[in-house]
Amino acid sequence: AMRASSRRRTSAFASRCAALAVARRVAMDAGRRAARRGVEIALRAVRHRGAGAGARAFASRAADDCATAPRARRGGISTLAAGALGVCGAMAAVRFADGDWAEDAEFAAYGAATPALRALDAETAHDVAVAALALGLGPRRRRRDGEALRVEALGTTFSNPIGLAAGFDKDARAFEALLRVGFGFVEIGSVTPKPQPGNPKPRAFRLREHGAVINRYGFNSQGHESARTRLARRRDAVAAEGDDATAEPRGVLGVNLGKNKLTPEDNAADDYVLGVENIGEFGDYIVVNISSPNTPGLRNLQGRKHLSGLLRKVLDARDKNPGTAKTPVLVKIAPDLTDAALRDIASVVKSEKVDGVIVSNTTIARPDAIKAHAHGDEAGGLSGKPLMEPSTKVLHDLYKLTGGKITLVGCGGIASGEDAYAKIRAGASLVQLYTAFAFEGPPLIPRIKRELEECLARDGFKSVQDAIGAAHRK
C-alpha cells in the first residue's frame, strides 16, 4: 500500500512537471508571437505614410496580443515580458519615424498614460513626469508650426506663442524634452542662488473638478550651480549644430530668477543680480520673479519703492555682462494688484526700459466655489481655470497703461486655444500655461495650437501678430 501510494505521488509529481513544461513552452511561444506581432505591426506602420488613424491603432493591437496570450508562472521568458518587448519595439520604431502619423501615435500613447499619474499625489506626479522627461521619455513633434502662429517678440522669432510657465522645470532638467513636445518656448526656474528645500510637504493640492491647483512650494531649488551645469550642455549642443538650415528649431528658453528665503528684503536685488551673472547667459530671455505668494515678503518688491531700484540693478548687471548684454529682461507680477499698484508697475517698467512683463503669477484670492472645496482653505497660490478671468483683466489693463509698447506674456488659466486667443486679443504677444498641462499631458499642446489657428481664421486674422491687442481696437 505504501509503495502504491508512493508511486501515485511520483506519478502526480511527474504529471505536474510535464504540465508545467508544456505550459512554459506554450507561454514562451505565445510571448514570442506577441513580440513578433508588435514588431511586425510597427514595421508596417513605419513603411506606411498614410492616415494617422491606422498608426494610432498599432500599439493597442500589439498590447491585445500580449493580453490574450497565456502567461507562464515561472521560468523562461514570460508572455508579459515578451509582449512588453514587442510593444517597446513598436514604440521604438515609431520614435524614429518622421511622418505625421508617428506624431499622432506618440501623443495618443502619452495622453493615454497621463491619467495614471493622477493616482499619485500632485507633487510626486510632478516629480515622476519631470524625471521621465529628463530621460527623454516624451513625445516628439514632427509637424512644423504654421506661419500663422509665428511671432516676433523680445528680439527673437517664436515658432508659436504657446509657452510653458516657470515652476514645472524648476532645475533645468527637462526643458529639451519639453521643447520637443512642441512648446514655442519653455521657462525654467525659479532658480535661487543657493539650494533650498522650499516649504514643508504636503505643499501641492489638486482641485480637479475646478481644473485648479493650490501650491505653496516656496522656491524649492537646487540652486544656480546645478542649473548652470545643465544649461551649459544645451548651449554647447546649439553651438555644435551651427547654422544648419535643415535642423529642427530648438525653441526659445527663458531663465526665471528667484531669491532665497533667508535673503533680507533690502538685499533682494543682490540675489537677482547673481542670477544674471551666474545663469543669465544661457537664456534667450531673463525673468525677475517678484510675485510668488509663497516666499515671505517677496510681493513687497512689486511696490514702486523697491521695484525701480531692483530693476535698475538687474538691468545694470545685464548690460555689464558680455554674455547677457542683449538679453531681454522681463518682470513677473501678481494678479492681486490694486489699480494704483498696477499703475506704479506700468510707470516703472516704462521708465526703467524693461523689455516685458509676465501677467501673471498665481493668486491668493479664493472664489466661493474654491472656498467650498476640501482643499480650498490651503495656503498658497491658486492656479488653473479660476485664474483665467482675473489675470486676463490685469493683462488687458496693463496693455492700456503701457500703450501696447511693452511685450506682455499672458499667463494664468489657459486650457484651450480660445483661452490663448483671449489673452492675445487682450494684449499678449506670447502666452504660458502650466496647470492644464499637468492635468492633460502632452496632447494639450498640439490641440491648443490647432484651436488657436482656427480662432485666427474665424475672425479673419492672418497671424497671431495681427491679433495682438485686438480687443483694444474699435
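Computed from a prediction, not measured in an experiment: that's the story for all the values here.
- Using a 4.0 Å cut-off between charged nitrogen and carboxylate oxygen, D98 and R140 count as a salt-bridge pair.
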Between E147 and R150, is the salt bridge (charged side-chain N to carboxylate O under 4.0 Å, His left out) condition met? List the steps. CA-CA 5 Å; E147 287 296 317; R150 180 171 296 185; 3.4 Å; yes
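- Checking N260 against T263 by side-chain atom types alone, no donor-acceptor pair falls below 3.5 Å.
- By the 6.0 Å contact criterion, NZ on K400 is open, its count of non-hydrogen atoms from other residues, nucleotides or ligands being 12 or less.
- Contact record, T157 with V252: O-CG2, 3.9 Å, taken as the closest heavy-atom pair.
- Heavy atoms only, all atoms of each residue included: L207 and H375 are closest at CD1-CB, 4.3 Å.
- There is no side-chain donor-acceptor pair under 3.5 Å between S292 and N361.
- Of the N and O atoms on the side chains of E209 and H373, at least one donor lies less than 3.5 Å from an acceptor on the other residue.
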Might you work through the side-chain hydrogen bond (donor to acceptor under 3.5 Å, both in side chains) test for D419 and S416, ending with a clear yes or no? CA-CA 5 Å; D419 294 337; S416 68; 3.3 Å; yes
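- Classification of R230 and E176 as a salt-bridged pair fails, no side-chain N sitting under 4.0 Å from a carboxylate O.
- In the model, S308 has a side-chain atom that pairs as donor or acceptor with a side-chain atom of R312 under 3.5 Å.
- Using a 3.5 Å distance cut-off with no hydrogens or angles, the side chains of R233 and T229 do not pair a donor with an acceptor.
- S391 and K423 share a side-chain donor-acceptor pair at under 3.5 Å.
- Residues T156 and D284 bring no donor and acceptor atom of their side chains to less than 3.5 Å of each other.
- A salt bridge does not link D397 to R343: none of the charged side-chain nitrogens sits closer than 4.0 Å to a carboxylate oxygen.
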